[in-house]
Amino acid sequence: MSRRYWLMKTEPSAFSLDDLKAKGVEPWDGVRNYQARNLMRDEMRVGDGVLFYHSSTDPPGVVGLAEIAREGYPDPTAFDPKAAHYDPKSRPEAPTWYLVDVRFVRAFPRIVTLAELKATPGLEHMKVVQRASRLSVQPVTPDEWRIVVALAEG
DNA sequence: GCCAACGTTGGC
DNA sequence: GCCAACGTTGGC
């Protein structure tokens, strides 16, 4: 199986690429969406590439690269009554929610804004450019990956 | 702050 | 199982 590619969204006020750079590796916890859960639990492999996307900021866009550092495992924050994303339906013996660990790779020399993604031929089918795209973990094709990296670093 | 899109919940 | 109401996301 060859390396695959993903886009992962985060609000930088909560967790930014700089935060990931400081930590090195971070568990991507708190995702409570079944499509995103399925991708993290079933599809992501160690070494897969991640476009790191900042949302709910001005401007939103891809700010750098990360990679999958650990494959899917149960999200411990779902079991913790004090955690923000606690889910009593998820139990350790039958977990509902999964996460992966993400490792910092590099920051782009400049942000590739959402507006730029929308204006770039070849990226029309990226989920993130589609209206009201709420999925916080999205697959990216190899061509889309190359185009975005070339925009930032080309 | 607005609001469209979308996922989830709950009444029936 | 349907679907209206509701909550959340996230761009603008």
Side-chain angles (χ1 to χ4, degrees), chain A residues 4-23 26-44 48-68 71-102 104-141 143-145 147-153:
Chain A
R4 285 189 286 182
Y5 302 99
W6 311 95
L7 179 147
M8 299 177 82
K9 287 186 198 172
T10 176
E11 298 193 16
S13 59
F15 189 79
S16 70
L17 185 62
D18 278 347
D19 294 330
L20 183 61
K21 184 178 184 178
K23 296 221 172 185
E26 179 76 358
W28 207 257
D29 59 31
V31 174
R32 299 292 180 266
N33 170 280
Y34 286 101
Q35 284 185 64
R37 186 280 310 267
N38 292 346
L39 293 175
M40 292 197 293
R41 186 188 61 186
D42 304 333
E43 303 295 333
M44 291 179 162
D48 282 359
V50 174
L51 297 175
F52 199 96
Y53 181 91
H54 281 176
S55 65
S56 294
T57 188
D58 191 14
V62 180
V63 293
L65 302 181
E67 65 182 14
I68 303 304
E71 292 176 13
Y73 61 102
D75 184 342
T77 68
F79 309 137
D80 178 0
K82 295 185 295 298
H85 298 96
Y86 173 59
D87 181 355
K89 295 190 302 299
S90 185
R91 290 162 293 111
E93 65 276 20
T96 304
W97 302 113
Y98 284 71
L99 49 63
V100 294
D101 288 355
V102 174
F104 177 81
V105 173
R106 63 180 183 268
F108 285 160
R110 67 179 186 85
I111 185 173
V112 178
T113 66
L114 177 60
E116 196 172 355
L117 297 175
K118 287 181 174 176
T120 300
L123 302 183
E124 298 87 350
H125 301 296
M126 284 187 81
K127 290 227 181 339
V128 75
V129 309
Q130 280 147 35
R131 184 164 182 70
S133 144
R134 294 169 46 183
L135 191 58
S136 63
V137 174
Q138 312 179 355
V140 170
T141 69
D143 282 344
E144 290 163 348
W145 172 273
I147 291 169
V148 173
V149 173
L151 281 172
E153 303 181 334

Inset, instruction - Indicate whether OP1 or OP2 belonging to B:dC6 is found under 4.0 Å from a side-chain N or O atom of A:Tyr34. - result: no
Legend entry - Phosphate OP1/OP2 of B:dC6: any A:Arg134 side-chain N/O under 4.0 Å: no
Whole angstrom is fine here: how far is it from [atom1] in [X] over to [atom2] in [N]?
{"X": "A:His85", "N": "C:dT8", "atom1": "NE2", "atom2": "P", "result": "10 Å"}
{"X": "A:Leu117", "N": "C:dG11", "atom1": "CG", "atom2": "C1'", "result": "13 Å"}
{"X": "A:Asp87", "N": "B:dT8", "atom1": "CG", "atom2": "C1'", "result": "12 Å"}
{"X": "A:Gln130", "N": "C:dG10", "atom1": "CD", "atom2": "P", "result": "14 Å"}
{"X": "A:Lys118", "N": "C:dG10", "atom1": "NZ", "atom2": "C1'", "result": "10 Å"}
{"X": "A:Trp97", "N": "B:dT8", "atom1": "CH2", "atom2": "C1'", "result": "10 Å"}
{"X": "A:Asp58", "N": "C:dG11", "atom1": "CG", "atom2": "P", "result": "10 Å"}
{"X": "A:Leu135", "N": "C:dT9", "atom1": "CG", "atom2": "P", "result": "13 Å"}

Where the side chain of [X] is concerned, which of [options] is the nearest nucleotide?
{"X": "A:Leu114", "options": "B:dG7, B:dA4, C:dG11", "result": "C:dG11"}
{"X": "A:Gln35", "options": "C:dG11, B:dA5, B:dG7", "result": "B:dG7"}
{"X": "A:Lys89", "options": "B:dG7, C:dG11, B:dT9", "result": "B:dT9"}

Legend entry - Test ring-ring contact (aromatic ring centres under 6.0 Å, His included) applied to A:Phe52 and A:Phe104, A:Trp28, A:Tyr5, the passing residue: A:Trp28
Legend entry - Gap separating the CG atom of A:Asp101 from the CE atom of A:Met40, nearest 0.5 angstrom: 10.5 Å
Inset, instruction - Can you measure from OG1 (A:Thr77) to CG (A:Asp29) and round to the nearest 0.5 angstrom? - result: 4.5 Å
Inset, instruction - Assign A:Glu11 to base, sugar-phosphate, or nothing according to its heavy-atom contacts below 4.0 angstrom with the strands shown. - result: nothing
Inset, instruction - Mind checking A:Ser136 for me? I need base, sugar-phosphate or nothing, with any heavy atom below 4.0 Å counting as a touch. - result: nothing
Inset, instruction - Taking atom types as modelled, find out whether A:Tyr98 and A:Asp42 have a side-chain donor-acceptor pair closer than 3.5 angstrom. - result: no
Legend entry - A:Glu116 bridged to A:Arg110 by N-O distance under 4.0 Å: yes
